[in-house]
*Asks:* 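First the structure, then my questions, so here it is.
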Amino acid sequence: MISVHDALTLILDTISPLGGERIGLLQAVGRVLAEEVHSAREVPPFANSAMDGYAVRWDDLRDASADQPVALDVIEIIQAGAVPAQAVTTGTASKIMTGAVIPPGADTVIRVEDTEEQDGRVWIKRQERPGTHIRAGGEDIHCGQVVLERGRVLRPADIGLLASVGRSTVMVRQRPRVAILSTGNELVEVDEALQPGQIVNSNAYTLAAAVQEAGCQPVPLEIARDTLAEIRAALYEAVRHDVVLSTGGVSVGDFDFVKAAMDELGIRRLFWQVAQRPGKPLTFGLLRERPYFGLPGNPVSALVCFYLYVRPALGRMMGQEKVFPPVVSATVGEDIPKAKGLTEFVRCRLIRTNEHYQVLSTGSQSSGVLSSLSLGEGLMIGPPELALLPKGMHVKVLIFDPDQFAGEEAPF
Ligand code: AMP
Ligand code: MG
């Protein structure tokens with residue numbers, strides 16, 4: 001039996017990122033950049049006005065004030081998107097809109113609010129400093145500059161940056177295709193009537209959803225019955241994908257054939273059984289470079305193992321740098337018994353008081369009770385050496401719910 005730490009380290013040591021693919025900009029949000037993006041242009045491409053106002057020569061305004069405004073002749077109105085037709089010379093000004101090109105000769109913009117215009121002349125009531133309200137060409141991005149680094153998870157602002165430097169496509173890491181293989185004679189699909197002894201193949205749905213949430217592509221396969229031949233055939237099919245997840249059949253029951261099927265297919269087993277609860281029967285192997293996770297059948301164990309091991313591995317394959325779940329520190333709110341010798345991941349609720357978290361167990365920690373995971377907001381980590389997490393103890397809590405830190409009240 002391997003420790004939680006060693007299992008995770010072993011898995012991540014064997015995983016390498018997938019190759020890149022070129023995709024359209026709008027498909028790229030949330031994807032990991034697989035190239036260093038340089039700008040082939042200046043952004044903005046030209047000096048432009050930051051305000052609606054008048055483009056002037058600052059030299060003309062040296063003595064301007066509200067009491068003694070300076071009068072200039074208005075020679076042109078420059079709209080955004082237009083090219084100025086005239087240069088601003090001493091004693092003249094061009095009316096200019098936000099985003100319009102600064103005309104030759106002008107070095108400063110005075111806001112409309114600081115002027116008065118009448119009969120083709122404008123009275124400037126404020127001096128300003130030279131260069132005020134002018135956005136220089138290249139102020140945002142210079143030509144040749146690195147705009148975004150490889151490995152970055154693209155957010156909306158990044159997508160906009162890519163657009164502004166003229167990139168309509170971008171190289172990102174491929175998303176792993178993840179085969180999901182459910183094993184068990186008792187399993188039926190969600191819309192089938194249950195015969196005696198049967199249950200719904202809920203794991204396939206849980207895992208497909210988790211794979212999707214992780215930004216990867218789930219490929220659910222047909223249910224495999226508990227015979228060595230059927231599981232071997234299903235696994236043979238499954239290993240054509242980037243990653244394989246199977247559920248069930250990895251324990252010590254008379255009909256648990258997954259390990260034997262792995263051996264027959266030459267899937268090299270790196271470990272079987274982790275000193276943890278839930279999820280002790282987890283097994284991990286490699287067929288050539290492809291990772292294979294034999295997840296336990298119990299619904300809670302399967303999903304917890306996914307969060308703990310599969311999701312970081314998928315993150316690595318997609319080139320992500322931050323692959324681990326967020327952790328918060330909390331105080332145990334009640335005595336919680338646990339299994340000595342195993343790291344226990346206790347499904348828990350977090351109660352927040354004054355920036356501090358208290359954790360309570362969600363109740364039954366049976367690995368068949370999926371509702372306790374659905375109710376929970378995190379997994380508190382119980383160290384292996386303890387048989388009890390006493391009230392008041394400090395623990396780390398893993399957070400898997402991305403909405404956990406969203407607010408219920410408006411912050412302003
Ligand atoms: P196993 O690991 O195959 O011994 O299964 C352990 C428990 O998980 C049994 O109670 C199974 O019925 C249940 N189980 C296995 N596979 C699934 C599945 N795909 N969906 C829901 N429950 C399952
Ligand atoms: Mg089974």
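Remember, it's 1-based here, ligands and their atoms both numbered in the order they're listed.
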*Asks:* If you measure every N/O of Leu187 against every N/O of ligand 1, is any gap under 3.5 Å?
*Replies:* no

*Asks:* In the protein, what heavy atom is nearest to atom 12 (O) of ligand 1, and what distance, to one decimal place, separates them?
*Replies:* Glu186 OE2, 2.6 Å

*Asks:* Are any non-hydrogen side-chain atoms of Pro384 and Thr343 less than 4.5 angstrom apart?
*Replies:*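 Yes - at least one pair of side-chain heavy atoms lies under 4.5 Å apart.
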
*Asks:* Show your working on side chain to side chain donor-acceptor pair (under 3.5 Å) between Gln358 and His356 and close with a plain yes or no.
*Replies:* CA-CA 7 Å; Gln358 218 191 29; His356 187 83; over 6 Å; no

*Asks:* Please verify whether a non-hydrogen atom of Val200 lies at under 4.0 Å from ligand 1.
*Replies:*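 Within the 4.0 Å threshold, so yes.
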
*Asks:* Compute the shortest N/O to N/O distance between Gly249 and ligand 1 and return yes if it is under 3.5 Å, no if not.
*Replies:*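 N/O-N/O distance below 3.5 Å exists for this pair.
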
*Asks:* If the cut-off is 4.0 Å to any non-hydrogen atom of Thr247, which atoms of ligand 1 fall inside it?
*Replies:* 19 (N)

*Asks:* Measure up the Tyr307 and Phe400 rings against each other and bin them: parallel (under 30°), tilted (30 to 60°), perpendicular (over 60°).
*Replies:* parallel

*Asks:* So is Ser202 touching ligand 1 or not, going by heavy atoms under 4.0 Å?
*Replies:* yes

*Asks:* For Glu213, is there an ion pair with Arg311 - N to carboxylate O distance below 4.0 angstrom?
*Replies:*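 Looking at Glu213 together with Arg311, the answer is yes, because their closest N to O distance falls below 4.0 Å.
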
*Asks:* Is a donor on one side and an acceptor on the other found under 3.5 Å between the side chain of Gln86 and the backbone of Glu76?
*Replies:* no

*Asks:* Can you pull out the closest protein heavy atom to atom 18 (C) of ligand 1? Residue, atom name and distance to 0.1 Å, please.
*Replies:*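 In this structure, atom 18 (C) of ligand 1 has Asn203 ND2, 3.1 Å as its nearest protein heavy atom.
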
*Asks:* I need the nearest protein heavy-atom contact for atom 5 (O) of ligand 1: residue, atom name and distance, please.
*Replies:*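 Answer for atom 5 (O) of ligand 1: Gly297 CA, 3.7 Å.
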
*Asks:* May I ask you to identify, for Asn201, whether its side chain, its backbone, both or neither come under 4.0 Å of ligand 1 on a heavy-atom basis?
*Replies:*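 Looking at Asn201 and ligand 1, atoms from backbone and side chain both fall under 4.0 Å.
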
*Asks:* Name the closest protein heavy atom to atom 22 (N) of ligand 1, giving the residue it belongs to and the distance to 0.1 Å.
*Replies:* Ile199 CD1, 3.5 Å

*Asks:* Which of the numbered atoms in ligand 1 are below 4.0 angstrom from a heavy atom of Gly248?
*Replies:* 1 (P), 2 (O), 3 (O)

*Asks:* Answer yes when Asp60 and Arg57 have at least one side-chain N-carboxylate O distance shorter than 4.0 Å, and no when they do not.
*Replies:* no

*Asks:* Testing Lys280, Arg277, Lys338 one by one against Glu344 for a salt bridge (Lys or Arg N to Asp or Glu O under 4.0 Å), which residue passes?
*Replies:* Arg277

*Asks:* Counting heavy atoms only, name the option from Asp256, Leu370, Val252 that's nearest to atom 4 (O) of ligand 1.
*Replies:* Asp256

*Asks:* Of the choices Leu295, Asn298, Val300, Leu181, which has the non-hydrogen atom that lies closest to atom 7 (C) of ligand 1?
*Replies:*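 Result: the heavy atom closest to atom 7 (C) of ligand 1 is in Asn298.
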
*Asks:* One thing to verify: whether Glu35 and Arg167 come together as a salt bridge, which I'm taking to mean a side-chain N less than 4.0 angstrom from a carboxylate O.
*Replies:* yes

*Asks:* Here's a test for you: under side-chain contact (heavy atoms from CB on, under 4.5 Å), which of Val304, Leu303, Thr283, Leu245 qualifies with Leu295?
*Replies:*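 For Leu295, the side-chain contact (heavy atoms from CB on, under 4.5 Å) test succeeds with only one of Val304, Leu303, Thr283, Leu245, which is Leu245.
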
